[in-house]
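Note: hydrogens, waters and symmetry copies are ignored here, and every other heavy atom, side chains too, is used. No experiment lies behind these values; they were computed from the predicted model shown.
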Amino acid sequence: MKTILFSIPFLLIIFLQLFSDNAQRKSSNWNYYADSLAIRKAFSESPVLSARESIKKMQIEKGFRVHIVATEPLLNTPVALSFDDKGRIWAVEMENYMPDSIGTGEDLPVGKIVILTDRNGDGKMDQRKIFLDSLVLPRAICFIENGILVAESPNLWFYEIKNDKPVNKTLVDTAYAEGGNVEHQPNGLFRALDNWIYNAKSSKRYRKQGSKWLIERTHFRGQWGISQDDQGRLFYNNNSENLQGDYFSPGFGATNSNQSRLAGFSESIIKNNKVYPIRPNTGVNRAYMKGIIDENLKLVNFTAACGPVIFNSTLFGPDYYGNAFVAEPSANLIKRNILSNDGNLVTGKQAYIGREFLASTDERFRPVNLYTGPDGALYIVDMYRGIIQHKTYLTPYLKSEIKARNLTQPLDYGRIYKVLPKGKKVRGVKIPQDPAKLIALLSDSNGWVRNKAQQILVDGKDKSLGFPLRQVLKSDTQPLARVHALWTMEGLEVLEMEDVLPLLKSTDWTLRVQALSVLPSVLTRENYKEFLSVLTAILDENDALAAPCLAFLSPHIQLFDSAEANKFLLSLSKKYANNIFISDAVISNLQNKEAAFYKEFTGINPDTSLVLSKRLKKIVDDMAKKKVNAPDPAKEFPRGLALYRSICQACHGADGNGVNGLAPPLNNSDWVTGDKKRLAAVVLYGLSGPITVSKKLYKAPDVSGEMPGIASNTNFSDEDVSQVLSYIRGSWANSADKVSKEEVAAIRSKYKGRQMGFTEKEFF
């Protein structure tokens, strides 16, 4: 989340930028300066508007309209929502997020989960009921069985629901959000096609099994918001990147912690990160930096991308089905992207150049999450407030803007809108409880309805439904209904080998890839040989599309026959050693066996230029650099570890290997183990890319364009900074001397008053 603000201090920055580099400016610069002032004057105020007035400030794609679903006082600072089977909205209110520019009282228990009901059927909520209150910054919810998951950092809770009231509270995970600030903590709680619950900004997934909760390691994904396509592949993003996503089933491949990057996951789906706001955006956190805003004072690229949704409704027409909509609250807009599928690969492009699906001149319009609704409409969660940048990275410039323009107030506004085609009237769908009707809904044209029907069937635990579901699976009906029947049977634990084997041989890739994805749920010691013979036949057919999935299935064969599993991986390796997706899928099986497999493979094929050989060799070399019997930096610098988790881990990873799309590695980094004065300056004042780390160039979109500094944050003392620097200089494979608080103080004194982040050129 970011913030849009402007004031007199920014004029001084503009003035200095215009005249500091060259005193002999041409007259055109005076025109530019005058134009900038005129633009600024036209948008010098940001009045608080009613929802109806705010809609008038929106420009939306031709043929569409915006409808008010809920607004204050019925709703307050919403950040997420979920629909129940009655079509009601359960909204998460993060009421005490950033009450002022220093976050005073942010930890007070005033957050809520509220139930909103449309009693007269006009599409607008008119009743509010508090389900839970006294929460500290709640961020996500998810219905499952007879209750609801609630994310209230650092914990994940499960509440049973009785008459719309919480009962029997259960603690699911005490470390749901371990470390990280509010902007960089897990969220989403997305119940996916494969019956697991996934999150953004997290490497955990959850599943309820009887009275127990399963918690498994998965891929680290995104920052705020998460969605899926019809194949169950997950999509997300970070603040600087339009859309990221997976090429494969979300349950695959998260099995080798030595593998810092797995091709096919956290891929950049939309390369174009440009945005087209219709108002000046000089109040983004670092608008004074070159390239952040253009000559019209408008944001150039995403700086707060969040809340993506893969729109799986036919309400807008076939051209919009499967599109990805992305929110950008700092620029007050919603972007539309068109996605294309080519086998496993997903690519995309912006729907428009030079304009957006929806954009507003109301600065307080803050879309932070998007959803497909029960009626097929596109739902928008609007936090509606002035400040959305968290204090951790708040610059002095932005603080002065907040003070000058009094943008801390009001704090009790919030809206939910929905976008509809003009001339179309829709009504919400109430999901029936009759199992036969629910099974029929698995073929509904609205993805929300299909997914909800599957979830209710799974939650009902009625194993007698195996027969009618099997009839759907065997039918010639549309593939999507068969896919949902397949995963519903998996969730009910009635899926059998005979259900999956025919689909593995299907000529329809949609069905075959789902059969490969669901196979671990039916693989047993008694049937694995029969499945292995089918998988070997697929391998012999040179099916490169299925080959990554074959590799991802190897750990499940390993449980019953390690020799056959290794033989299978070698066969894949020999055939596809230059395919990055298959190579990485093979390596995902080899935790702590990489060196042995590398020796075995290069004995068969000594060509070390092959993709598989190079990627294996890198892991082997990195592991060799790890220190043995060295002091534990976590014990020596406990405050450093805590701060790393809070302000660094979100982008650089728990293992220091960096997060794709966000930040380069700290592990084995010459920036970390090199000049400590340079490192301290970067942490205090930030760094703008591109940047070369250990001879490798990192630039957008592979990483974010900028690392923010923390010098202006009074919560971090010189001792704190010295602790975190010493921690990272001694962690993982790094080995460098400590950084004292006096050394940090000297750097802070040297660059006192600096706001701009450094660039690599300034150090070399």
Side-chain angles (χ1 to χ4, degrees), residues 1-3 9-10 13 16-17 101 180-181 183-184 223 238-241 283-293 299-304 330 389-401 643-644 646-652 658-659 661-666 669-672 674-693 698-700 702-718 720-722 724-725 728-729 739 743-764:
M1 301 180 187
K2 307 292 179 186
T3 310
F10 186 79
I13 294 169
L16 290 172
Q17 286 178 333
S101 61
N181 60 72
E183 285 186 28
H184 291 279
Q223 185 164 343
N238 59 60
N239 277 174
S240 301
E241 193 163 357
V284 291
N285 207 20
R286 288 167 182 82
Y288 51 81
M289 294 180 61
K290 184 179 179 181
I292 301 298
I293 58 176
L299 192 66
V300 176
N301 293 303
F302 275 110
T303 187
S330 69
Q389 170 70 58
H390 192 255
K391 63 183 180 181
T392 302
Y393 306 119
L394 202 64
T395 59
Y397 158 66
L398 204 45
K399 289 181 180 178
S400 70
E401 291 291 324
L643 286 171
Y644 180 82
S646 176
I647 61 179
C648 310
Q649 182 172 301
C651 296
H652 292 287
V659 175
L662 282 177
L666 301 178
S669 168
D670 46 0
W671 284 80
V672 173
D675 185 351
K676 62 173 74 174
K677 294 179 181 178
R678 180 184 64 184
L679 180 63
V682 167
V683 169
L684 285 170
Y685 298 99
L687 181 69
S688 296
I691 177 177
T692 302
V693 178
Y698 290 87
K699 60 181 181 179
D702 297 321
V703 296
S704 175
E706 180 195 2
M707 171 185 157
I710 60 172
S712 62
N713 193 322
T714 56
N715 291 322
F716 303 129
S717 67
D718 293 340
D720 291 335
V721 177
S722 73
V724 76
L725 294 182
I728 65 174
R729 281 168 67 86
V739 180
E743 288 170 315
V744 173
I747 295 298
R748 198 188 289 269
S749 176
K750 180 178 179 179
Y751 296 106
K752 185 178 180 180
R754 183 181 179 114
Q755 290 194 56
M756 303 283 287
F758 289 96
T759 63
E760 186 175 62
K761 291 181 180 179
E762 291 182 77
F763 293 112
F764 298 100

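The two residues V693 and P665 have their closest heavy-atom pair at CG1-O, 4.0 Å. Residue V682 comes nearest to L687 through the heavy atom pair CG1-CB, 3.8 Å, listed as atom of the first residue, atom of the second, then distance. The heavy-atom pair separating C651 from H184 by the smallest distance is SG-CE1, 4.2 Å. The heavy-atom pair separating D718 from R748 by the smallest distance is OD1-NE, 2.8 Å. Listed here is the closest heavy atom pair of L684 and I747: CD1-CG2, 3.9 Å. Heavy atoms only, all atoms of each residue included: T759 and F763 are closest at O-CD1, 3.6 Å.
For Q649, there are no side-chain hydrogen bond (donor to acceptor under 3.5 Å, both in side chains) partners, not counting sequence neighbours. For R678, there are no salt bridge (Lys or Arg N to Asp or Glu O under 4.0 Å) partners at least two apart in sequence or on another chain.
Using the six-membered ring where Trp is involved, Y685 and F758 have ring planes that are perpendicular, over 60° apart on the 30 and 60° scheme.
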Item to complete: In sequence, state the C-alpha distance, the side-chain angles, and the governing distance for N239 and T303, and then conclude on side-chain contact (heavy atoms from CB on, under 4.5 Å).
Response: CA-CA 5 Å; N239 277 174; T303 187; 5.8 Å; no

Run the side-chain contact (heavy atoms from CB on, under 4.5 Å) test on V744 and V683 for me, step by step, so that the C-alpha distance in whole Å, both residues' side-chain angles and the decisive distance to 0.1 Å come before the verdict. CA-CA 10 Å; V744 173; V683 169; over 6 Å; no

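Note that the OG atom of S240 and the CG atom of N301 stand 8.5 Å from one another [nearest 0.5 Å]. With rounding to the nearest 0.5 Å, the separation of NE2 in H652 from OG in S669 is 9.0 Å. For the atom pair CG of L725 and CG of L643, the computed distance is 10.0 Å after rounding to the nearest 0.5 Å. Atoms CD1 and CZ, on I710 and F716 in that order, are 5.5 Å from each other to the nearest 0.5 Å.
Between E743 and K676, at least one side-chain N (NZ, or NE/NH1/NH2) sits under 4.0 Å from a carboxylate O, which counts as a salt bridge.
Within the 4.5 Å cutoff, no side-chain heavy atoms of M707 are placed close to those of I691. Counting heavy atoms from C-beta outward, V739 and V721 have side chains that stay 4.5 Å or more apart.
Applying the salt bridge (charged side-chain N to carboxylate O under 4.0 Å, His left out) test to residues at least two apart or on different chains, the pairs with a partner in residues 755-764 are R754-E762.
The backbone N or O of T692 sits less than 3.5 Å from a side-chain atom of W671, completing a donor-acceptor pair.
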